Protein chains: 2
Amino acid sequence: MKKYNIPVEAALEVIGGKWKVVILCHLIKAKRRTGELKRLMPGITQKMLTQQLRELEDDGVIERKVYNQVPPKVEYFLTDYGWSLKEILDSLCAWGEQHIERVYPDKSEVLMPEAEEELHIH
Amino acid sequence: MKKYNIPVEAALEVIGGKWKVVILCHLIKAKRRTGELKRLMPGITQKMLTQQLRELEDDGVIERKVYNQVPPKVEYFLTDYGWSLKEILDSLCAWGEQHIERVYPDKSEVLMPEAEEELHIH
DNA sequence: CAGAATCCTGTAGGATACTG
DNA sequence: CAGTATCCTACAGGATTCTG
């Protein structure tokens with residue numbers, strides 16, 4: 001059992017990973033398949049993605065649903081416990097939006113995941 | 001100029017460092033001298049402390065006040081910009097307090113820094 | 001498509017000693 | 001007391017390949 005010098009460390013232990021907040025911010029908007037997450041995070045490697053997902057799963061923050069079919073289909077989504085992080089994630093996202101330097105003259109450069117939702121890739 | 005795949009990355013860039021949230025959580029309660037911070041974070045090394053402090057300073061989140069005296073005295077405190085992170089830090093701390101496993105049968109093991117200094121009301 | 005298994009490297013970050 | 005300056009190592013994390 002871990003000992004913390006300050007309670008906030010308990011939160012950091014769960015969402016402190018390099019990509020965890022980003023992953024959670026995506027999953028708070030919608031459940032996602034592995035490939036979707038990969039496309040939403042061009043910077044992440046295969047290895048890191050699964051690794052971070054496993055840790056989040058082990059911490060009970062997200063859940064993994066496997067569909068028994070070929071080709072395989074796996075979906076990740078927040079658990080109830082994960083939703084308890086909503087306030088944190090919301091404030092983080094809000095701050096990011098407010099304080100981001102405007103690198104996007106128009107929105108064209110921003111990934112618009114919603115647009116590709118429901119897409120079937122063959 | 002950095003390009004983000006998702007706005008929240010802007011927030012992570014500022015508070016994503018290993019110790020930054022902890023430091024900020026301390027500074028949100030009161031301005032602190034270097035030695036105080038060191039004692040509040042027994043796990044951090046001299047090097048990491050100054051490094052993280054410098055980065056926070058460079059990002060305009062905290063400010064460093066040097067008193068010209070011997071022995072030296074330096075104080076760190078949040079800037080106005082830094083206070084814009086209050087909501088994030090508050091929700092992080094709150095979550096930590098709620099979800100920490102109760103490792104403290106009584107409070108005796110928890111550091112109680114408040115006792116040693118006046119509060120910094122903003 | 002999801003992800004496990006390898007191999008490999010950079011660097012985050014620790015320990016220690018020193019200075020104004 | 002606050003802060004450099006070194007040295008050094010573990011491991012986070014990347015690239016690539018393979019499999020059901």
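Just so it is clear, the structure is predicted and the values come from calculations on it, not from any experiment. Order of the sequence lines fixes the chain letters, A, B, ..., with proteins taken first and strands second; residue numbering starts at 1 for each chain.
- We find that CD of Gln51(A) is positioned 7 Å from P of dG13(D), with the value rounded to whole Å.
- Checked against ring-ring contact (aromatic ring centres under 6.0 Å, His included), Trp19(B) has no partners two or more places apart in sequence or in another chain.
- As a whole-Å value, the separation of Glu55(A) CD from dC11(D) C1' is 13 Å.
- For dC1(D), neither phosphate oxygen OP1 nor OP2 lies less than 4.0 angstrom from any side-chain nitrogen or oxygen of Arg33(B).
- Residues satisfying the ring-ring contact (aromatic ring centres under 6.0 Å, His included) test with Phe77(A), not counting sequence neighbours, are none.
- Summarising the geometry of Arg33(A) relative to Pro72(A), their closest heavy-atom pair is NH2-O, 3.4 Å, with the distance given to 0.1 Å.
- When each of dA2(D), dC1(D), dG3(C) is scored by its nearest atom to the side-chain atoms of Thr50(A), the top-ranked nucleotide is dG3(C).
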Distances under 3.5 Å only, N/O to N/O: pair up the protein atoms with those of nucleotides 14-20 of chain D.
{"from": "dG14(D)", "atom 1": "OP2", "to": "Thr45(A)", "atom 2": "OG1", "distance (Å)": "3.2"}
{"from": "dG14(D)", "atom 1": "O6", "to": "Lys47(A)", "atom 2": "NZ", "distance (Å)": "2.3"}

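- Rounded to whole Å, atom C1' of dG3(C) lies 8 Å from atom NZ of Lys38(A).
- Within the 4.0 Å cut-off from OP1 or OP2 of dC1(C), not a single side-chain nitrogen or oxygen of Arg32(A) is found.
- Looking at heavy atoms from C-beta onward, Lys65(A) lies out of side-chain contact with Val74(A) at the 4.5 angstrom threshold.
- Every residue two or more places apart in sequence or in another chain that forms a side-chain hydrogen bond (donor to acceptor under 3.5 Å, both in side chains) with Gln46(B) is listed here: Lys38(B).
- Remark: C1' of dC1(D) and CG of Leu37(B) are 13 Å apart, rounded to the nearest angstrom.
- Residue-level contact check: Tyr76(B) touches the backbone only, with heavy atoms under 4.0 Å from sugar-phosphate atoms and none from bases.
- Neither OP1 nor OP2 of dA2(C) sits under 4.0 Å from any side-chain N or O of Arg64(A).
- Atom P of nucleotide dC1(D) and atom CG of Leu53(B) are separated by 17 Å, given to the nearest angstrom.
- Residues forming a side-chain contact (heavy atoms from CB on, under 4.5 Å) with Cys25(B) (at least two apart in sequence, or on another chain): Ile6(A), Val8(A), Val21(B), Leu89(B), Cys93(B).
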Using a 3.5 Å cut-off and no angle test, enumerate the donor-acceptor pairs between side-chain atoms of residues 54-64 of chain A and protein atoms at least two apart in sequence or in another chain.
{"from": "Arg54(A)", "atom 1": "NH1", "to": "Tyr76(A)", "atom 2": "OH", "distance (Å)": "3.3"}
{"from": "Glu55(A)", "atom 1": "OE1", "to": "Lys20(A)", "atom 2": "NZ", "distance (Å)": "2.7"}
{"from": "Arg64(A)", "atom 1": "NE", "to": "Tyr76(A)", "atom 2": "OH", "distance (Å)": "3.3"}

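- Summary for the helix from dC1(C)-dG20(D) to dG20(C)-dC1(D): the axes at its two ends, each from 5 pairs, differ by 50° when rounded to the nearest 10 degrees.
- Checked against salt bridge (charged side-chain N to carboxylate O under 4.0 Å, His left out), Lys86(A) has the following partners two or more places apart in sequence or in another chain: Asp90(A).
- In this structure, Lys20(A) places its NZ atom 13 Å from C1' of dA12(D), rounding to the nearest Å.
- Applying the ring-ring contact (aromatic ring centres under 6.0 Å, His included) criterion to Tyr81(A), with sequence neighbours excluded, gives Trp95(B), His99(B).
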